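Here's the structure we're looking at; comments come further down.
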Amino acid sequence: MNRGTIDVGSRPGGLDLQATLESGQSYLWWREDGADFEAGTTGDDGWYLTTARVDGTPAVVRTRKREDRLEWESTVDAGPLLRRRLSLGDHLPTIRETAPNDGFVQRAYDTYWGMRVVSDPPFPSVVSFICSAQMRVSRIHRMQQSLREAFGTPVSFDGETYHAYPTPEQLAAASEAELRELKLGYRAPYVKRTAEMVANGEADPGDAAGRTYEEAREYLTQFVGVGEKVADCVLLFSLDYRQAVPLDTWIRTTIEEYYPDCDRGNYVDTSRAIRERLGGEFAGYTQTYIFHYLRHAEDEPPEG
DNA sequence: TAGATACCTTATAG
DNA sequence: ACTATAAGGTATC
């Protein structure tokens, strides 16, 4: 068993672990206490678990926050992995500086200050967001758990057996019927065909990185089940395009209510307009705070 | 090229 | 109880 701690208290903005992991950015983590992310259970002093691949080998990691330190235990040295996946190097005050000085945006930042935009591995991120179409957050999460348990490689850790997130090859080998049994619905063939594309080398979501933002989004839409919105999610939550603003039903409501002039009637132009309105470079970061705030704290009184 | 429609399944509202 | 509706949309026509 490898163990370690990471000081997060001294990092600008600190770390709100629960908000980071339960805000619908990543579907690759689960709570050790088994509580549903939508159950409203508060506090981030319990363990969160995930799997990862280190040099191709499946690993298990668990982490929790104690005071100003992030503690972790793992089958491997998980320090570097956590720093990256949780974006601990992001300078939150600099990011917040770019956000508009609107009341509800500032309240969102106040409420979840310390929440970081994650950097998930590309393939699991693509599959997660293909599954997200017309689906509730809790069920997207459940689907990824089902995929891991049905098709992932078993890994032993601390006396328990876990399952790594399936590889493209493992998902490509699954039948559409098997995927439908896991309640993926019409997303089942999308997941299978995308996994096949990656497995046979036709394309790789990681290859979108390095392109300009809009070219990268175009590249990702070649995968089956990946449209503009899902592509933006992958760019933001996996490939470090912090300007990407996924136009989901929540942000569309926000645009309607607060920024009606940004509605240009189509995805690409509306996306560009709201991206500029939310500060450009880190617009997606701000969108993530807004999304989480609208879903969970809209009725809470403002802080201060 | 822009617009309408079908699509799995489940939780929640009415 | 029972039906309608919506859920972090996309593919297809």
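The basis for the numbers below is simple: all heavy atoms, side chains too, and nothing from hydrogens, waters or symmetry mates. All values reported here derive from a predicted model rather than from experimental measurement. Chain identifiers are assigned alphabetically (A, B, ...) following the order of the sequence lines, protein sequences preceding nucleic acid strands; residue numbering begins at 1 within each chain.
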Checklist entry - Under 4.0 Å between a side-chain N or O of K183(A) and OP1 or OP2 of dC8(B)? => result no

Pairwise [atom1] distance for [N] and [M], with rounding to whole Å:
| N | M | atom1 | answer |
| --- | --- | --- | --- |
| dA6(B) | dG8(C) | P | 23 Å |
| dT5(C) | dT5(B) | P | 15 Å |
| dC8(B) | dA6(C) | C1' | 14 Å |
| dT10(C) | dA11(B) | C1' | 22 Å |

Side chain proximity check, [X] to [Y], heavy atoms < 4.5 angstrom:
| X | Y | value |
| --- | --- | --- |
| V137(A) | Y27(A) | yes |
| R187(A) | S132(A) | no |
| T167(A) | F123(A) | no |

Going by an N to O cut-off under 4.0 Å, is there a salt bridge joining [X] and [Y]?
| X | Y | value |
| --- | --- | --- |
| R62(A) | E160(A) | no |
| K229(A) | D232(A) | no |
| E176(A) | R180(A) | yes |

Checklist entry - What does R142(A) touch in the nucleic acid at a heavy-atom separation under 4.0 angstrom: a base, only the sugar-phosphate, or nothing? => result sugar-phosphate

Item to check | Rounded distance in Å - NE2 (H141(A)) to P (dA11(B)) | outcome: 16 Å

Checklist entry - Using a 3.5 Å cut-off on both pairing distances, which stems of three or more Watson-Crick or G-U pairs include DNA chain C? => result B:3-7 with C:9-13, B:9-14 with C:2-7

Item to check | Base versus backbone protein contacts along nucleotides 2-13 of chain C [heavy-atom cut-off under 4.0 Å; B, S, -] | outcome: ----BBBBSS--

Checklist entry - Got a sec, which hydrophobics cluster with L49(A), joining ILVMFWY side chains under 4.5 Å apart, including via others? => result M1(A), W30(A), V60(A), V155(A), F157(A), Y162(A)

Next on the checklist: In this structure, is the centre-to-centre distance between the rings of Y109(A) and Y289(A) below 6.0 Å?
Outcome noted: yes

